[in-house]
Amino acid sequence: MALIVHKYGGTSMGSTERIRNVAKRVAKWARAGHQIVVVPSAMSGETNRLLGLAKELSPAKPDIAYHRELDMLASTGEQASSALLAIALQAEGQPSVSYAGWQVAIKTNDAFTKARIESIDDKRVRADLNAGKVVIITGFQGVDDNGNITTLGRGGSDTSAVAVAAAMKAHECLIFTDVDGVYTTDPRVVPEARRLTTVSFEEMLEMASMGSKVLQIRSVEFAGKYKVPMRVLSSFTPWDIDINEEAASGTLITFEEDEKMEQAVVSGIAFNRDEAKISVLGVPDKPGIAYQILGAVADANIEVDVIIQNLSKDGKTDFSFTVHRNDYAKTIDLLQEKVLPALGAAEVTGDAKICKVSIVGIGMRSHVGVASKMFRSLSEEGINIQMISTSEIKTSVVIDEKYMELAVRALHKAFDLDQA
Ligand code: ADP
Ligand code: ASP
Ligand code: MG
């Protein structure tokens with residue numbers, strides 16, 4: 001008997017029929033003698049619908065009072081799906097109980113809409129498990145020290161599940177989703193993409209942070225920090241598939257370097273359309289410039305990703321960086337109002353129609369010429385590279401958004417990822 005956490009995403013919970021299917025699958029695992037905690041997402045489209053209603057009433061406001069209400073609102077999606085799953089399980093004859101984050105409690109900081117989990121009290125959950133119940137805990141949400149409901153950022157149910165698994169020292173965290181594992185790239189963009197049977201934690205971390213949507217980055221960080229065994233697998237197989245076959249399916253996230261002799265140089269390609277580029281032009285080239293620009297941006301709680309500074313000419317330089325698209329207008333305003341006058345820079349410009357494409361692989365550590373192969377392949381497609389950033393196991397480029405799919409396909413081919 002083992003304690004296992006199951007997480008089901010929005011599509012997997014997308015209708016009462018699908019919820020019934022999830023209930024049958026969970027009941028199968030419970031019948032096999034396991035203690036099961038389930039972390040569901042809201043039914044697909046529900047979080048967007050709720051946030052859309054808020055937008056109809058008031059355009060996004062940066063103030064904290066508005067964000068508090070957004071969390072109060074968005075968290076209801078998971079509350080509904082969790083209760084429905086408990087009802088479906090009971091209908092299957094499987095005792096079960098659902099809890100909202102605050103009832104557990106899952107304690108977070110007070111950063112509304114992007115809160116971080118600080119602690120999880122598992123007393124109540126353990127008591128229910130020991131009483132033979134399946135326990136359902138809402139994904140995506142927690143509670144701050146003042147009793148306010150918080151949410152963990154879009155896609156945050158993955159993080160809830162891994163955090164619960166870490167806190168309870170679960171045997172494994174199974175992330176059930178609408179694809180049957182982690183692929184070399186998004187199979188919806190490149191049909192030739194292949195499923196990976198294992199992916200190293202470091203590669204998964206890079207892929208998630210570079211925009212691969214399959215796992216929220218913080219869930220991978222949690223898994224790494226607490227060494228939570230984690231697997232991504234399909235919720236769309238027949239629910240009564242053999243449990244041992246199911247337990248070995250999908251993609252396992254591994255923590256040890258793969259012993260395989262022939263490690264692929266590039267394991268996957270990630271892409272991200274959520275960023276925007278901002279350039280500060282004609283900046284005097286003297287010490288403290290990066291700090292003056294990026295310090296002001298950081299003080300406004302805006303995360304910066306890729307950064308480049310051009311060579312200076314006549315004592316002036318250009319400085320460019322990317323931010324999340326949601327922060328684009330705010331960053332431009334901030335630079336124009338506060339930073340430009342103090343810096344004596346000429347102009348701020350920006351481009352929200354960019355995307356970032358990244359190749360990821362731990363094999364890149366021990367191979368040379370990987371980045372240049374990437375650049376050659378993009379140049380053969382006539383794609384102009386605007387920015388480059390690298391780490392030990394990834395190379396990212398910022399390009400025009402309209403070439404994204406072309407770039408991903410070309411790189412997938414160039415690195416032989418469609419070959420088994
Ligand atoms: P869930 O609702 O289950 O959390 P998500 O939509 O958040 O599911 O994530 C699953 C989706 O991630 C897939 O449908 C797929 O389109 C996308 N995806 C992006 N990159 C990858 C990848 N490398 N491997 C698998 N799926 C990917
Ligand atoms: N329902 C939330 C979202 O749509 C959390 C999740 O699905 O992981 O972002
Ligand atoms: Mg998700």
Side-chain angles (χ1 to χ4, degrees), residues 59-68 70 108-118 144 150-154 156 205-206 208-211 216-218 221 225 272-356 358 385-392 394-399:
K61 280 201 208 135
D63 54 285
I64 204 159
Y66 179 79
H67 283 157
R68 180 192 180 280
L70 286 184
T108 72
N109 65 10
D110 62 1
F112 295 114
T113 74
K114 46 182 167 190
R116 284 181 179 269
I117 296 178
E118 289 177 342
D144 75 4
T150 54
T151 68
L152 310 179
R154 299 306 305 270
L205 195 63
E206 286 287 5
S209 73
M210 290 304 117
Q216 199 204 32
I217 167 96
R218 281 190 196 160
E221 286 169 357
K225 192 163 169 198
N272 182 352
R273 298 175 232 244
D274 292 341
E275 292 188 20
K277 184 173 85 168
I278 291 179
S279 301
V280 188
L281 309 177
V283 185
D285 192 11
K286 56 180 194 210
I289 290 304
Y291 174 63
Q292 261 181 288
I293 298 173
L294 298 180
V297 174
D299 288 346
N301 226 342
I302 298 169
E303 277 180 45
V304 169
D305 185 22
V306 186
I307 304 169
I308 54 165
Q309 182 178 335
N310 285 351
L311 272 184
S312 75
K313 207 173 148 218
D314 306 327
K316 302 261 181 191
T317 184
D318 299 335
F319 194 91
S320 300
F321 57 95
T322 63
V323 295
H324 195 282
R325 254 182 223 189
N326 293 346
D327 291 324
Y328 178 60
K330 190 172 156 195
T331 313
I332 298 243
D333 288 350
L334 170 85
L335 292 172
Q336 249 150 6
E337 280 162 30
K338 300 226 173 87
V339 180
L340 226 53
L343 260 185
E347 198 188 336
V348 176
T349 63
D351 184 358
K353 292 204 160 61
I354 53 134
C355 72
K356 190 174 70 176
S358 312
I385 299 171
Q386 304 179 17
M387 299 167 103
I388 299 171
S389 105
T390 63
S391 81
E392 216 189 359
K394 72 118 213 279
T395 301
S396 305
V397 295
V398 170
I399 59 173

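We number each residue from 1, following the sequence as shown.
- Interatomic distance, CD1 of I308 versus CZ of F319, reported as 9.5 Å (0.5 Å rounding).
- The CG atom of L294 sits 11.0 Å away from atom CG of D299, with the distance rounded to the nearest 0.5 Å.
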Discussion item. Applying side chain to side chain contact (heavy atoms under 4.5 Å, CB included) to S389 and K394, what does each step give before you reach the verdict?
Written reply: CA-CA 8 Å; S389 105; K394 72 118 213 279; 3.8 Å; yes
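- The side-chain heavy atoms of E347 and S279, taken from C-beta on, include no pair separated by under 4.5 Å.
- R325 places a side-chain N or O within donor-acceptor distance of the main-chain N or O of A352, the cut-off being under 3.5 Å.
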Discussion item. Between L281 and V348, is the side chain to side chain contact (heavy atoms under 4.5 Å, CB included) condition met? List the steps.
Written reply: CA-CA 6 Å; L281 309 177; V348 176; over 6 Å; no
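- Summarising the local packing, CZ of R154 is surrounded by more than 12 heavy atoms from other residues, nucleotides or ligands at distances under 6.0 Å.
- Side chains of N272 and M210 form no contact here, defined as non-hydrogen atoms less than 4.5 Å apart.
- Looking at heavy atoms from C-beta onward, I117 lies out of side-chain contact with R218 at the 4.5 angstrom threshold.
- In terms of modelled atom types and a separation under 3.5 Å, the side chain of T395 and the main chain of T390 share no donor-acceptor contact.
- The residue from V339, L334, D327, I278 that alone fulfils the side chain to side chain contact (heavy atoms under 4.5 Å, CB included) condition with V297 is L334.
- Note: Q386 CD to K277 NZ = 4.0 Å, rounded to the nearest 0.5 Å.
- When all heavy atoms are compared, the tightest approach of Y328 to G350 is OH-C, 3.0 Å.
- A donor-acceptor pair shorter than 3.5 Å can be found between the side chains of E206 and S391.
- Expressed to the nearest 0.5 Å, how far CG of D274 lies from NZ of K356 amounts to 10.0 Å.
- Residue T113 holds its OG1 atom at 7.0 Å from CG of L70, rounded to the nearest 0.5 Å.
- Screening T322, V306, I399 against I354 for a side chain to side chain contact (heavy atoms under 4.5 Å, CB included) leaves a single residue, T322.
- Side-chain atoms of D314 do not come within 3.5 Å of backbone N or O of K316 as any donor-acceptor pair.
- Closest heavy-atom contact between L335 and P341: O-CD, 4.3 Å.
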Practice prompt. Give the intermediate values and the outcome of side chain to side chain contact (heavy atoms under 4.5 Å, CB included) for residues E303 and H324.
Written response: CA-CA 7 Å; E303 277 180 45; H324 195 282; over 6 Å; no
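- Side-chain contact between N310 and T317 is present, with heavy atoms from C-beta onward closer than 4.5 Å.
- The structure places CG of L343 at 7.5 Å from NZ of K286, a figure rounded to the nearest 0.5 Å.
- One N or O on the side chain of N109 and one on the backbone of R116 form a donor-acceptor pair closer than 3.5 Å.
- Across all non-hydrogen atoms, the minimal contact from D318 to G282 is OD1-N, 3.1 Å.
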